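Given the structure is predicted, the values throughout are model-derived calculations rather than measurements.
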Amino acid sequence: LDSKGNVIGLDITNSSQFFSAEDELTMKEACALLGISESTMRRRIKEGKVKFRKPNNKDFRFKRKEILKIAS
């Protein structure tokens, strides 16, 4: 707040979970954002409910906008 009590900025705790330069999330980050376990995420992947890519044929990567869409 400025000297007159007007809002001049906001501090959003953990805002990096929602707003980041990175367009992709790791399995751990995506699960944290959705509030689910990795086993639940793997089940959803197997069911075709979550889009992903595997850049090194091992680790899952998810587009942030897709995960946010699922979260809403």
Colleague: With sequence neighbours excluded, what pairs up with K49 under the salt bridge (charged side-chain N to carboxylate O under 4.0 Å, His left out) test?
Modeller: E47
Colleague: Apply the test side chain to side chain contact (heavy atoms under 4.5 Å, CB included) to residues E29 and F62: give CA-CA distance (whole Å), side-chain angles for both, the deciding distance (0.1 Å), then the verdict.
Modeller: CA-CA 9 Å; E29 292 168 333; F62 308 91; over 6 Å; no
Colleague: Using 0.5 Å steps for rounding, measure from the CG atom of L34 to the CG atom of L25.
Modeller: 9.0 Å
Colleague: Does the side chain of I67 reach to within under 4.5 Å of the side chain of V50, using non-hydrogen atoms?
Modeller: yes
Colleague: Looking at residues at least two apart in the chain, or sitting in another chain, which of them share a side-chain contact (heavy atoms from CB on, under 4.5 Å) with T40?
Modeller: I36, S37, R43, R44
Colleague: Any pair with a residue in residues 50-63 that passes salt bridge (charged side-chain N to carboxylate O under 4.0 Å, His left out), sequence neighbours left out, goes on the list, sorted by first then second residue, please.
Modeller: E24-R53
Colleague: Does I45 reach the side chain of F60, with side-chain heavy atoms less than 4.5 Å apart?
Modeller: yes
Colleague: Listed by chain and number, what are the side-chain contact (heavy atoms from CB on, under 4.5 Å) partners of K4, not counting sequence neighbours?
Modeller: D2, N6
Colleague: I'd like to check the salt bridge (charged side-chain N to carboxylate O under 4.0 Å, His left out) partners of K65; sequence neighbours left out, ordered by chain and number.
Modeller: none
Colleague: Name all pairs fulfilling the ring-ring contact (aromatic ring centres under 6.0 Å, His included) condition that reach into residues 24-43, sequence neighbours left out, sorted by first residue then second.
Modeller: none
Colleague: Apply side-chain contact (heavy atoms from CB on, under 4.5 Å) to N57 and list each qualifying residue two or more places apart in sequence or on a separate chain.
Modeller: none
Colleague: Taking ring-ring contact (aromatic ring centres under 6.0 Å, His included) as the cut-off, I'd like each qualifying pair that reaches into residues 23-46, sequence neighbours left out, listed once.
Modeller: none
Colleague: Applying salt bridge (charged side-chain N to carboxylate O under 4.0 Å, His left out), can you list everything that pairs with R42, at least two apart in sequence or on another chain?
Modeller: E38
